[in-house]
Protein chains: 2
Amino acid sequence: MTTPTTAGTLRSRRIARCRQRLVEVALPAFAERGYDAVTVDWLCDQAEVSKRSFFRYFAGKEDLALTPLNDVWRTLIAELDEVLARRGPLLEVVGDALVEVVERMPPGWERPAVLSARLSGTHPVVDAAGMLVCERFTQQVVDAIVERLDGAPAADLSARVVCAIVVTAHRAAVDAWCSPPDAATSASRAELCALIRTSLTAAPAALELTLD
Amino acid sequence: MTTPTTAGTLRSRRIARCRQRLVEVALPAFAERGYDAVTVDWLCDQAEVSKRSFFRYFAGKEDLALTPLNDVWRTLIAELDEVLARRGPLLEVVGDALVEVVERMPPGWERPAVLSARLSGTHPVVDAAGMLVCERFTQQVVDAIVERLDGAPAADLSARVVCAIVVTAHRAAVDAWCSPPDAATSASRAELCALIRTSLTAAPAALELTLD
DNA sequence: TAGCGAACTGGCACTCAGCGGCAGTTGGCA
DNA sequence: TGCCAACTGCCGCTGAGTGCCAGTTCGCTA
């Protein structure tokens, strides 16, 4: 679903399968019975994984709930070096890279992603965990940019602001994407990519927004 | 510290004093012995408040840890109607309002605020809780703006982006403000306000940041 | 292809955050 | 003065997350 099960050693594939099994059990369960009503113990029972292992695979219950969405950011982080080697306005470079990563998510990613996004919208605890991952992403970008544009004044702040805009555009796009009632079955990733692109291009105009 | 103890009914003043006592005990303890090492039970013991009441006064341990910083956002939220009645670019309006709120925080606010900010920098759990409050702020602004500029295209997204920039500028300013080793005793609120203003005016230039 | 070492695993018991229920208290107000 | 509603403390519970350790499984090397 979120990690191809056909690469690496036997061991790492087994882990990937376990993680995947947990995600597959968890997200529909969260949607049907409620996030709080589904306990980690129950999930472990269902997926036949010990609780101890659960916390080796996931940083916590929220991490599990956000796996599909977080995978996007984690992939982006992993590819940062390559991304930041490109030329052009940072906002475009990062924004484009984000869209590309979404386009490359494994087949079948959409359905859990929608469930994950909805959970994030309704459960602040989950939402917060998602923001944390975005924050980690921002930190990486800032570090890389500061090192790269060593002398530039306020490169640090600029990088932060750019990331904030990208993250905001992404959030807005995902919100819109997952809200139609039939999104879980019909939302396409092309749609999401289009939404992200629209938000990204519309974002700079926000600075002109004036009251009265 | 964070709420004047001289207003409202006897009852509400008692509550305010309890909250304050807890904050006063907690923040230094977190700083000295570590956030995780200080348990809620211990804090309740020290402040002579039952655990049950603790969770009536605070949304959780992180909420307590962030009280000084969160108070800023909560005040801003409370005054939103008045703030959004002003004229001018939204970014300026909201940014200015934020600075004004900081300026009006009660005397002695600085020291716990610094401790709070440091905690937020070192403990992701705390940081996440802080972002959640900012998110709540953003949501309020978005709702108000959408209602106000009913017809405007993408008013929703624009409001989000503006808030994201304000929040980012604030974060950057607070980071810089609390990092000198002697900040806990010497950091002044004028300094913080200046930092926020600088970040806010520098932020729009981020859109121009270009690689190579 | 045997076997060694490292990495992983499950199980158990534990800590701690946070909540629900309830009976007792307190303060606001008529 | 006395009533009512809001608040309080206490008890016990659930569930997330961790530390420990002995057992196993896999990958690698000879």
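All chains are named by letter (A, B, ...) in the order of the sequence lines, taking the proteins before the strands, and each is independently numbered beginning at 1.
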Nearest-angstrom distance from the residue atom [atom1] of [X] to [atom2] of [N]:
X	N	atom1	atom2	answer
A:Leu43	D:dG15	CG	P	12 Å
B:Asp36	D:dT18	CG	C1'	11 Å
B:Phe30	C:dC16	CZ	P	13 Å
A:Leu64	D:dG15	CG	P	17 Å
B:Lys51	D:dT14	NZ	P	15 Å
B:Lys61	C:dC16	NZ	P	9 Å
A:Trp42	D:dG17	CH2	C1'	20 Å
B:Arg17	D:dC7	CZ	P	16 Å

Open item on the list: Rounded at 0.5 Å granularity, tell me how far CG in A:Leu119 sits from CG in A:Asp127.
Closed with: 10.0 Å
Are the side chain of [X] and the backbone of [Y] linked by a donor-acceptor contact shorter than 3.5 Å?
X	Y	answer
B:Arg33	B:Val38	no
A:Ser116	A:Ala65	yes
A:Arg148	A:Leu84	yes

For nucleotides 25-27 of chain C, tabulate all protein N/O to nucleotide N/O atom pairs closer than 3.5 Å, reporting atom names and distance.
unit_1: C:dT26; atom_1: O2; unit_2: B:Arg11; atom_2: NH2; d: 2.6

Open item on the list: Is there, by distance only and without an angle test, a donor paired with an acceptor across the side chain of B:Arg52 and the base of C:dG20 below 3.5 Å?
Closed with: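 Check passes, donor-acceptor contact within cut-off.
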Task: Presence of donor-acceptor pair under 3.5 Å, side chain of A:Arg56 and base of D:dG17 - done: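 Counting by modelled atom types and ignoring angles, no donor-acceptor contact under 3.5 Å is found here.
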TODO: Check every strand shown and say whether A:Tyr57 touches a base, only sugar-phosphate, or nothing at a heavy-atom separation below 4.0 Å.
DONE: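 Sugar-phosphate contact only.
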- [ ] Inspect the contact between A:Glu79 and A:Arg86 and indicate whether a charged nitrogen and a carboxylate oxygen are less than 4.0 angstrom apart.
- [x]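 Salt bridge: no.
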Task: CZ/B:Arg111: more than 12 non-hydrogen atoms of other groups inside 6.0 Å - done: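 Check fails, neighbour count at 12 or below.
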Task: Closest nucleotide among D:dT18, D:dC10, C:dA17 to the A:Phe55 side chain - done: D:dT18
Task: Cation-pi check, A:Arg104 onto A:Trp109 ring (under 6.0 Å, within 45° of axis) - done: no
